[in-house]
Trainee: 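Encoded as structure tokens, here's the structure I'll be asking about.
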Amino acid sequence: MSRYDPSVIEPKWQEAWAEAQTFRAVRSHDKPKYYVLEMFPYPSGRIHIGHVRNYTMGDVIARYKLANGFNVLHPMGFDAFGMPAENAAMAIGGHPKDWTYSNIDTMVAQMKPLGFGLDWSRMFATCDPEYYGQQQALFLDFLKAGLVYRKNAVVNWDPVDMTVLANEQVIDGKGWRSGAEVERRELTQWFFKISDMSGELLEALDGLDDWPAKVKLMQANWIGKSRGLQFAWSLIDGPDGFDRIEVYTTRPDTLLGASFLGISPDHPLARQLEKDNPEVAAFCAECRKVGTSEEALEKAEKLGFDTGLKVRHPFDTAWELPVYIANFILMDYGTGAIFGCPGHDQRDHDFCVKYGLPIVETFLPLDGEIDIQAAPFVPPKGDKVRFTRLLAGQEVQTGDEAVDAAIAICEENGVGHGVTKFRLRDWGLSRQRYWGCPIPVVHCDACGVVPEKKENLPVELPYDVSFDTPGNPLDRHPTWRDCACPSCGKPAKRETDTMDTFVDSSWYFARFTAPRAETPTNMAEADYWMNVDQYIGGIEHAILHLLYSRFFARAMHICGHLPEKSKEPFNALFTQGMVTHAIYQTRNAEGRPVYHYPETVDLRDGKGFLKDGTEVEIIPSAKMSKSKNNVVDPVAIIEQYGADTARWFVLSDSPPERDVEWTASGAEAASKHLGRVWRIAAEVAASDAGASDNDQALLREMHKTIDEVTKGVESFGFNAAIAKLYAFTNTLSKSKAGAAAKRQATRTLAQLMSPMTPHLAEDIWAMLGGEGLIATAPWPVADPAMLVEDTVTLPIQVNGKRRGEITVPKDMDKAEVEKLALAEASVQRSLDGAIPKKVIVVPGRIVNVVI
RNA sequence: GCCCGCGUGGUGGAAUGGUAGACACAGGGGACUUAAAAUCCCUAGGCCUAUGUGCCGUGCCGGUUCGAGUCCGGCCGCGGGUACCA
């Protein structure tokens with residue numbers, strides 16, 4: 001008998017699928033459609049184990065749905081623009097385009113042997129001019145629809161390299177290459193008006209029943225709807241044109257506990273003051289040395305600068321408060337100005353202690369003493385408290401109730417008005433980089449900003465650029481940059497900013513429905529294939545990518561590129577956990593981290609050493625990331641054991657939503673198991689037909705396995721489904737059933753395994769004389785009658801501790817079960833003569849005797 | 001800092017509020033073999049006064065419940081996101 005040899009059977013069956021066009025998605029109305037999509041990869045160079053995990057999960061769903069009679073769309077492409085290509089060009093020479101396409105070729109070549117049921121005919125990369133040209137058309141439509149505008153915004157500026165830095169490129173406030181202290185710089189940039197849709201993006205989350213609750217919660221918090229008071233403080237002796245400061249607060253109930261007014265270093269008043277006050281200028285400059293990321297701002301030491309200016313309290317004109325410039329106030333949220341109430345906020349309390357400002361309470365607990373000077377009083381939302389100033393004497397719940405009451409009083413007194421605000425900011429899409437989709441507009445001295453004409457799309461990236469000097473090479477490319485104004489025809493200049501790569505990934509799912517259409521989408525195709533029935537990807541995309549895509553789908557609907565039903569484009573979402581691996585790092589002479597590949601590190605006694613003996617610092621578990629050199633290459637496993645082993649292994653090892661620390665051990669075990677299944681099948685195929693008394697037991701187990709595996713696949717419980725398949729394989733191999741029953745069980749086993757190990761399954765199917773391809777054979781259905789047992793074994797607890805068990809007919813009534821349970825010898829011993837107070841019988845589950 | 005998760009044997013993990021540790025990996029023992037590989041069988045949470053009707057046990061502390069890995073409150077640790085990494 002020959003052996004299981006994946007290197008022979010895998011190419012053979014891949015060829016068979018290609019020939020039969022098994023995974024080609026064709027629009028036809030004779031079957032229901034099913035669109036399954038995994039988040040497409042960035043072409044970093046080689047696939048890694050996280051890709052294998054992601055695409056195998058999607059493939060299981062795709063193949064399962066195919067077997068269930070669906071017309072399946074399961075496409076693949078590449079999210080191909082982005083910084084790494086430019087970094088590679090700078091580091092090792094070459095061109096971002098060549099680097100990217102060569103990586104794509106490599107990765108496709110690595111993915112094909114995995115046998116994914118993909119419709120490769122639909123593949124594209126976002127850096128294909130055919131794709132980004134359509135994206136430019138979308139941009140122009142959005143512009144026309146009023147969904148795009150320009151405004152000033154700050155970026156990280158590296159004063160040595162004279163270039164804009166991404167947040168990732170700012171390390172401890174310094175540029176990653178130059179090491180120079182980063183500055184903030186203001187540029188005019190393009191924005192999508194996503195904030196206009198804050199309300200509907202928030203409300204529509206409710207309808208996404210098949211999304212993980214945690215993702216909806218994260219999105220809701222990110223959108224951040226709040227009810228608050230917007231009002232003005234009058235400024236005493238302010239600079240010309242500044243006689244008031246607008247403040248938005250979500251805590252108007254603490255207004256009479258205010259101790260200071262704080263404004264952002266980017267607030268117009270701060271900008272004015274720094275013009276002729278060097279101290280203010282120095283302070284603001286210091287604030288701007290922190291990067292632009294929220295994390296950096298929030299973690300930085302809270303600093304304030306007393307401007308010497310005072311404002312009058314709106315409720316008491318004699319009450320004057322100091323105005324501080326503070327580094328923790330964001331210009332982008334609210335009005336860029338806050339009031340500080342140290343009595344009920346930890347940050348404000350710290351600030352007032354630091355700068356010697358008064359601390360007063362505005363409400364007290366209903367009972368008990370507090371020392372407001374020592375610590376702020378911050379009760380949980382909804383707790384009732386007694387107000388002492390505004391709302392004096394009233395007992396009100398903190399949170400909504402107090403806020404609404406405070407707003408009402410303020411409005412009555414002519415102090416501002418209640419407003420609803422969202423935390424969500426508009427989406428800045430301008431990037432000062434080469435390797436992205438050019439923004440299709442032209443700057444004309446006479447006409448201003450002019451959209452490019454659609455017939456001139458795509459505005460293609462020039463190839464002849466160099467990365468010898470930092471900065472955006474488009475800025476230095478005269479023949480590309482200089483052009484004729486689309487409106488008046490006079491000499492003008494192209495916009496040299498390109499689009500954020502999130503734009504590219506915000507509509508690719510729609511493009512897959514008609515990847516070669518001459519418009520962004522084809523409505524007939526979009527109407528048939530959309531929505532994505534199952535979207536699968538990493539939890540790290542829970543907020544940005546998914547929110548931007550939701551916005552884009554709405555905007556595309558407004559512009560007539562998607563049907564109404566696609567305003568929410570992803571019906572169901574599954575967020576897989578990440579494959580993590582330790583990071584090994586050392587520091588260079590400047591103290592910046594240097595990362596080392598796992599294969600270059602020797603691990604001894606929990607410590608890691610390089611070949612030259614240098615000890616490395618081990619960061620135990622982190623997302624696999626090319627920039628951190630902790631990526632594990634799965635190709636070795638595929639070459640050694642085959643695709644089915646790699647697929648089986650990544651699915652069997654851990655629950656798909658959980659992060660998994662990568663270990664190489666276990667792949668061998670998976671391979672052995674597949675070999676065993678193949679051997680069993682070969683034996684069964686060689687045996688003669690016949691029946692036996694043991695047939696029923698095997699078939700009963702088979703139906704239970706069908707049931708459990710089906711439920712497992714439906715609910716992404718792949719690891720549990722595989723555990724059941726292991727158990728059934730054991731049952732089958734030990735079974736004394738006749739050859740006919742074994743043959744039926746083995747065929748079913750192959751079918752249940754086919755989404756996970758499709759090549760092996762096809763081979764067994766063929767061995768056992770299955771008709772056609774197993775990939776398109778109808779999925780087995782469990783017979784409900786075979787799932788029910790006649791008897792059931794019930795554990796018996798005494799006071800919650802297991803003391804014995806009884807086996808009874810499954811429909812025996814409660815009283816009878818109770819009688820039998822109490823009569824049990826072990827129970828009698830435990831009772832030791834005590835009279836049970838209560839006996840709880842949960843039918844089919846458990847008996848608990850309480851004494 | 002803030003938002004969201006996660007935490008179960010040596011390891012990966014299983015468990016609609018109902019027998020904690022299914023199914024595997026690594027380990028130990030055995031069969032087959034001259035030997036090895038391959039294969040097959042057995043074993044396996046910890047502790048103890050150890051073959052018992054024993055005790056402990058799902059990060060820590062507390063609560064709800066006849067019953068908690070699961071629900072609630074408070075901690076600790078780890079991970080993701082934090083708007084220019086994708």
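Numbers restart at 1 for each chain; the letters A, B, ... are given by sequence-line order, proteins then strands. Remember, predicted model here, so these are calculated numbers, not experimental data. The analysis underlying the following values was restricted to heavy atoms, covering all of them including side chains, and did not include hydrogens, waters or symmetry mates.
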Trainee: Taking pairing as Watson-Crick or G-U wobble with both contacts under 3.5 Å, can you name the mate of B/C32, or confirm there isn't one?
Mentor: none
Trainee: Give the nucleotide from the list B/G1, B/C41, B/G5 with an atom nearest to the side chain of A/Leu217.
Mentor: B/G5
Trainee: If you compare every side-chain N and O of A/Arg431 against the phosphate oxygens of B/C84 (OP1, OP2), does one of them come in below 4.0 Å?
Mentor: yes
Trainee: Picking from B/C66, B/A86, B/C55, which would you name as closest to the side chain of A/Arg803?
Mentor: B/C55
Trainee: When we call it a touch if two heavy atoms are under 4.0 Å apart, what does A/Phe328 touch: a base, just sugar-phosphate, or nothing?
Mentor: nothing
Trainee: A/Lys711 near the nucleic acid: base, sugar-phosphate alone, or nothing, with a heavy-atom cut-off under 4.0 Å?
Mentor: nothing
Trainee: NA contact type, A/Asn221, heavy-atom cut-off 4.0 Å: base, sugar-phosphate, or nothing?
Mentor: sugar-phosphate
Trainee: Would you classify A/Trp222 as touching base, sugar-phosphate or nothing, given that sugar-phosphate means primed atoms plus P, OP1 and OP2, and contacts are heavy atoms under 4.0 Å?
Mentor: base
Trainee: Among B/U19, B/C56, B/C66, which nucleotide has an atom closest to any side-chain atom of A/Ile846?
Mentor: B/U19
Trainee: I'd like to know if A/Glu294 reaches the base of B/G1 with its side chain such that a donor and an acceptor end up less than 3.5 angstrom apart.
Mentor: yes
Trainee: Classify A/Val839 by what it touches in the nucleic acid, base, sugar-phosphate, or nothing, heavy-atom distance under 4.0 Å.
Mentor: nothing
Trainee: How is A/Val850 classified with respect to the nucleic acid when contacts are heavy atoms under 4.0 Å: base, sugar-phosphate, or nothing?
Mentor: sugar-phosphate
Trainee: So does A/Lys174 pair up with A/Asp158, basic N to acidic O under 4.0 Å?
Mentor: no
Trainee: So, does the side chain of A/Arg845 form a donor-acceptor pair with the base of B/U16 at under 3.5 Å?
Mentor: yes
Trainee: Has the side chain of A/Gln189 got a donor or acceptor atom sitting under 3.5 Å from an opposite partner on the base of B/C84?
Mentor: yes
Trainee: Taking OP1 and OP2 of B/C85, is either one under 4.0 Å from a side-chain nitrogen or oxygen of A/Asn87?
Mentor: no
Trainee: How would you label the contact of A/Glu657 with the nucleic acid (heavy atoms, under 4.0 Å): base, sugar-phosphate, or nothing?
Mentor: nothing
Trainee: Kindly point out which of B/C40, B/G18, B/C84 is positioned nearest to the side chain of A/Gln797?
Mentor: B/G18
Trainee: Do side-chain atoms of A/Lys734 reach the backbone of A/Thr729 as a donor and acceptor pair under 3.5 angstrom?
Mentor: no
Trainee: Is any side-chain nitrogen or oxygen of A/Asn719 closer than 4.0 Å to OP1 or OP2 of B/G12?
Mentor: no
Trainee: What nucleic acid atoms does A/Pro655 come within less than 4.0 Å of, heavy atoms only: base, sugar-phosphate, or nothing?
Mentor: sugar-phosphate
Trainee: From the set B/C85, B/G12, B/A86, return the single nucleotide nearest to any side-chain atom of A/Ser654.
Mentor: B/G12
Trainee: Determine the sole option in A/Tyr508, A/Phe78, A/Tyr535 for which the ring-ring contact (aromatic ring centres under 6.0 Å, His included) test with A/Phe40 is passed.
Mentor: A/Tyr508
Trainee: Counting heavy atoms from C-beta on, name the nucleotide in B/A83, B/G1, B/A38 closest to the side chain of A/Glu298.
Mentor: B/G1
Trainee: Can you find a side chain N or O atom of A/Ser652 that sits less than 4.0 Å from OP1 or OP2 on B/A24?
Mentor: no
Trainee: Of the non-hydrogen atoms in A/Gln135 and A/Trp507, which two are nearest, and what is the gap between them?
Mentor: OE1-NE1, 2.9 Å
Trainee: At 4.0 Å (heavy atoms only), tell me whether A/Leu424 reaches a base, stays on the sugar-phosphate, or touches nothing.
Mentor: base
Trainee: List the steps, then state whether ring-ring contact (aromatic ring centres under 6.0 Å, His included) holds for A/Trp427 with A/Tyr548.
Mentor: CA-CA 8 Å; A/Trp427 171 11; A/Tyr548 290 153; 3.7 Å; yes
Trainee: Measuring from the side chain of A/Glu295 (C-beta onward, heavy atoms only), which nucleotide among B/U82, B/A86, B/C4 has the closest atom?
Mentor: B/U82
Trainee: At under 4.0 Å, does any side-chain N or O of A/Asn730 touch on OP1 or OP2 of B/C23?
Mentor: no
Trainee: Considering only B/A83, B/U39, B/G1, which nucleotide approaches the side chain of A/Lys299 most closely?
Mentor: B/G1
Trainee: With a 3.5 Å cut-off and no angle check, do the side chains of A/Arg676 and A/Asn730 form a donor-acceptor pair?
Mentor: yes
Trainee: In terms of side-chain heavy atoms of A/Ile539, which of B/G80, B/C25, B/U19 is nearest?
Mentor: B/G80
Trainee: For the side chain of A/Met218, counting heavy atoms from C-beta on, which of B/G80, B/A83, B/A22 is nearest?
Mentor: B/G80
Trainee: Any side-chain N or O of A/Asn167 below 4.0 angstrom from OP1/OP2 of B/A83?
Mentor: yes
Trainee: Under 4.0 Å between a side-chain nitrogen and a carboxylate oxygen: does that hold for A/Arg423 and A/Glu294?
Mentor: yes
Trainee: Students often get this wrong, so: under 4.0 angstrom with heavy atoms, is A/His545 touching a base, only sugar-phosphate, or nothing?
Mentor: nothing
Trainee: Using a 4.0 Å heavy-atom cut-off, does A/Lys672 contact any base of the nucleic acid, only the sugar-phosphate backbone, or nothing at all?
Mentor: sugar-phosphate
Trainee: Going by the glycosidic torsion and a 90 degree boundary from 0, is the base of B/G9 oriented syn or anti?
Mentor: syn
Trainee: Would you say B/G54 has OP1 or OP2 under 4.0 Å from some side-chain N or O of A/Arg802?
Mentor: no
Trainee: May I ask which nucleotide in the shown strands pairs with B/U49, Watson-Crick or G-U wobble, both distances under 3.5 Å?
Mentor: none
